[in-house]
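Worksheet: one structure, shown below.
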Amino acid sequence: MVFENKFVQQRIEKAQLLKDAGFNPYSNECKRNTTIDKFLNVNSDINNKENKRDENRHYIVSGRIKFFRIMGKASFIKIEDESGMLQAYIARDNLPEGFYNNTFKKNIEVGDIVEIEGYPFVTGKGELSIHATALRLLTKAIAPLPEKFHGVTDKEIRYRKRYLDLIMNSEVRKTFQTRSKVISLTRRFFEDKGFLEVETPMMHPIAGGANAKPFVTHHNALGIDRFLRIAPELYLKRLIVGGFEAVFEINRNFRNEGMDATHNPEFTSIEFYWAYKTYKDLIEITKEYFQYLFEHLNLPTILPYGDMEVNFENFTELPLIESLTTVGGIPSELCNDKDSIIAYLKSKNIAVKPGMNLGQLQGELFDEFVEEKLINPTFITEYPVEISPLARRSDKNPAITERFELFIAGREIANAFSELNDPIDQYERFKDQVDAKDAGDDEAHEMDEDFIDALSYGMAPTAGQGIGIDRLVMLLTNEHSIRDVLLFPAMKPIHHEAKTTEEE
RNA sequence: GUCUUGUUAGCUCAGCUGGUAGAGCACGUCACUUUUAAUGAUGUGGCCGAUGGUUCGAAUCCAUCACAGGACACCA
């Protein structure tokens, strides 16, 4: 039963008593004329006034009751709206006859949403408050709020019932306000640079653009399966072929993989593609982008993240192979020899999968010995071609690609490269991926013939980049779980008894 | 996927080597017209995550399962 809890029952009764007394427990008549933060700002001068009050000022504020202190014939309550918290002084003799004793004290309680009419004054203890001349119930809460001091701390409740988390933990709202700002600033930044925001399909006939397992869904009318997209990349590049020169898309990707502190099955990224540019230009625009974000979010350029301090004034570039030695401390002579790397990894007790090529092994060295040491923003460049199936080869050295990944606080934040636009090279690389897939790699790419077709019409030299928005927000808000920057993170369903027995 | 730690009242938490459940907040009743987690008095409130087992007896011991947190593996 949904409403069987005794506290809920009690509150439903109170709602009925209010209804019987002529008060609609779900009234729609809102007369609010100011928000709480405005009230507090506008009336900050009250403390200097005679009697510390001004009965000529008249306000109506609304909010949820968070504290309720009855002191006999008068009470203090605190109400909270989106902008802040305000104390109200509710005295019997300032309210209609009988309202205080019969209605307010008996049937109004913590959790209810009310509207308070009155004038500003400062209490004996010095708190700017509203002196109520009227109080109206707007919404009766029939579920009791969690404990007023500790609030909700249980992560499971906080994620499953985010609304409760938001009611009880106002700093959580700030995280999501920051997230929202990051997204709108990102949109504005790229629009101001002349990029066009586009929307490409989320249901793909072939899941491409990344190495990941897709979700499968079904189109009934066509009788065919579709994949939820794992990346928008291949569609955005088709648009560059079509003649758009700067496009971006901010939206969700879906990957059918494990969940942990940095992975949610659906996550938000921005990908942008820029014709007649190279990854060098992307390094510059990325620096500019971070500067823009920090400026508009008012963040300090030396940003704390956990135990770390990240200096955002100091972006550096470092070729991957060089980083193995200078950051990872790996002897440089073994970094270009397969067998030496395998021996080195084994000597460090790291399992090496059979059949890895040189590029993959270098990537392995980087992941093991370098990545977590890159605290200040670092563009790692010159990725081996074997681990960059969609990136353009360097003209000087065909074994490496014109690519970078940006690392901050020991984590990858962005991935970018000059795009491969040679259709025959792309075809060969897809074929290698198909072979890998046949050999059991279920994250390898499939052959996307239409994409090859598109490239064969000619794609202007283009640079493209992806940034994981969730992880970026984690970094900027000093959060350490992706679930704390997602309003409704993915959670397993709770199996009820009846359902479990049914399944067995 | 593996390991590990949790799950007790609406919420935050106690509960010893097995003997039939405890606090604070909230809620009910009473007192109190300037409180700040208001205070004082008093009372109600529990299928101890689920299922099985051991035992005369299980919140407590064992097994399985569910969910969550953390770590590792994979990945963005």
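Below, read A as the first sequence line, B as the second, and so on, with proteins coming before strands; counting in each chain starts at 1.
Using a cutoff of 4.0 Å between basic side-chain nitrogens and carboxylate oxygens, A/K348 and A/E368 are not scored as salt-bridged. The residues A/R179 and A/E479 are annotated as not salt-bridged, no charged nitrogen and carboxylate oxygen being separated by less than 4.0 angstrom. By the 4.0 Å N-to-carboxylate-O rule, A/D165 lies close enough to A/R162 to be salt-bridged with it. Salt bridge status for A/R57 with A/D45: present, with a side-chain N to carboxylate O gap under 4.0 Å. Using a cutoff of 4.0 Å between basic side-chain nitrogens and carboxylate oxygens, A/R403 and A/E405 are scored as salt-bridged. Salt bridge annotation for A/E257-A/K213: absent, with no cationic side-chain nitrogen under 4.0 angstrom from a carboxylate oxygen.
Pairing of B/A71, defined by two Watson-Crick or G-U wobble distances under 3.5 Å, is identified with B/U2. For B/A31, the paired base is B/U39 (Watson-Crick or G-U wobble, both distances below 3.5 Å). Pairing of B/C25, defined by two Watson-Crick or G-U wobble distances under 3.5 Å, is identified with B/G10. Pairing of B/U64, defined by two Watson-Crick or G-U wobble distances under 3.5 Å, is identified with B/A50. Across every strand in view, B/C16 sits unpaired, with no contact that passes the Watson-Crick or G-U test at under 3.5 angstrom.
At whole-Å resolution of the value, CG in A/L95 and P in B/U33 are 15 Å apart. At whole-Å resolution of the value, CG in A/D154 and C1' in B/A9 are 15 Å apart. Rounding to whole angstrom units, CD1 of residue A/I65 and P of B/C25 are separated by 20 Å. Taking atom CD1 of residue A/I167 and atom P of nucleotide B/A26, one finds them 17 Å apart after rounding to whole Å. Computed from coordinates, the A/K155 NZ to B/U12 P distance equals 13 Å when rounded to whole Å. Following rounding to the nearest Å, A/K78 (NZ) and B/U36 (P) show an atom-to-atom distance of 10 Å. Summarising the geometry, the separation between CZ on A/F76 and P on B/U39 is reported as 14 Å, rounded to the nearest angstrom. Atom-to-atom, CE of A/M259 to P of B/A71 comes out at 15 Å; the value is rounded to the nearest Å.
A side-chain N or O of A/H480 and one of A/N478 form a donor-acceptor pair less than 3.5 Å apart. Using a 3.5 Å distance cut-off with no hydrogens or angles, the side chains of A/Y100 and A/S75 do pair a donor with an acceptor.
Taking the ring centroids of A/Y344 and A/F369, they lie under the 6.0 Å cut-off.
Nucleotides B/C27 and B/G10 place their C1' atoms 9 Å apart, quoted to the nearest Å. Here, B/U64 and B/U60 have their P atoms 16 Å apart, quoted to the whole Å. Between the P atoms of B/C56 and B/U4, the separation comes to 31 Å (whole Å). The separation of B/U55 from B/C65, taken at their C1' atoms, amounts to 23 Å, rounded to a whole angstrom. Across B/A9 and B/A50, the matching P atoms stand 11 Å from one another, rounded to whole Å. Look at the C1' atom in both B/A37 and B/C25: the space between them is 8 Å, to the nearest Å. Spacing of P atoms, B/A63 relative to B/U5, comes out at 12 Å, to the nearest Å. Spacing of C1' atoms, B/C48 relative to B/A14, comes out at 13 Å, to the nearest Å.
Using a 4.0 Å heavy-atom cutoff across all strands shown, A/Y100 reaches no nucleic acid atom at all. Using a 4.0 Å heavy-atom distance criterion, A/R483 is classed as a sugar-phosphate-only contact. If you check every strand for non-hydrogen atoms under 4.0 Å, A/G466 touches nothing. Nucleic acid contact for A/M491: sugar-phosphate only, since backbone atoms but no base atoms lie under 4.0 Å from a heavy atom of the residue.
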- Message: Using ring-ring contact (aromatic ring centres under 6.0 Å, His included), reason through A/F379 and A/Y279 one step at a time and then give a plain yes or no.
- Response: CA-CA 11 Å; A/F379 296 98; A/Y279 80 108; 9.6 Å; no
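A/E271 places no side-chain N or O within donor-acceptor distance of the main-chain N or O of A/G464, the cut-off being under 3.5 Å.
The 5' end of RNA chain B is approached more closely, in terms of each residue's nearest nucleotide, by A/R160 than by the other of A/N264 and A/R160. Each of A/G126 and A/E368 was assigned the nucleotide of RNA chain B with the nearest heavy atom; the assignment lying further toward the 5' end belongs to A/G126.
When each of B/U33, B/G70, B/C11 is scored by its nearest atom to the side-chain atoms of A/A91, the top-ranked nucleotide is B/U33. Nearest to the side-chain atoms of A/F149 among the listed nucleotides B/A37, B/C11, B/U35 stands B/A37. In the set B/U36, B/A38, B/A37, the nucleotide with an atom closest to the side chain of A/M71 is B/A38. Of the candidates B/U33, B/U12, B/A38, B/U12 carries the atom nearest the A/T153 side chain, counting heavy atoms from C-beta on.
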Nucleotides 4-7 of chain B: which of its N/O atoms have a protein N/O under 3.5 Å away?
none

Using the 3.5 Å cut-off, write out each protein N or O paired with an N or O of nucleotides 27-31 of chain B and the distance between them.
unit_1 : atom_1 : unit_2 : atom_2 : d
B/C27  : O2'    : A/Q10  : OE1    : 2.1
B/C27  : O2'    : A/Q10  : NE2    : 3.0
B/G28  : OP1    : A/K14  : NZ     : 2.3

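For the pair A/K73 and B/U34, the criterion of a side-chain N or O lying under 4.0 Å from OP1 or OP2 is not met. Within the structure, a side-chain polar atom (N or O) of A/K6 is placed less than 4.0 Å from OP1 or OP2 of B/G10. Residue A/K492 places at least one side-chain N or O under 4.0 Å from the OP1 or OP2 atom of B/C67. Of the side-chain N and O atoms in A/K125, one or more sit less than 4.0 angstrom from OP1 or OP2 of B/U36.
A donor and an acceptor atom sit less than 3.5 Å apart, one in the side chain of A/T123 and one in the base of B/U35. For B/U35, the base has no donor-acceptor partner in the side chain of A/E127 [N/O atoms by modelled type, under 3.5 angstrom]. Donor-acceptor pairing under 3.5 Å, judged by distance alone, is absent between the side chain of A/Y89 and the base of B/U35. If you check distances only, the side chain of A/D260 does reach the base of B/A73 with a donor-acceptor pair under 3.5 Å.
With contacts defined as side-chain heavy-atom distances shorter than 4.5 Å, the pair A/T103/A/F23 qualifies. The side-chain heavy atoms of A/L228 and A/E266, taken from C-beta on, include no pair separated by under 4.5 Å.
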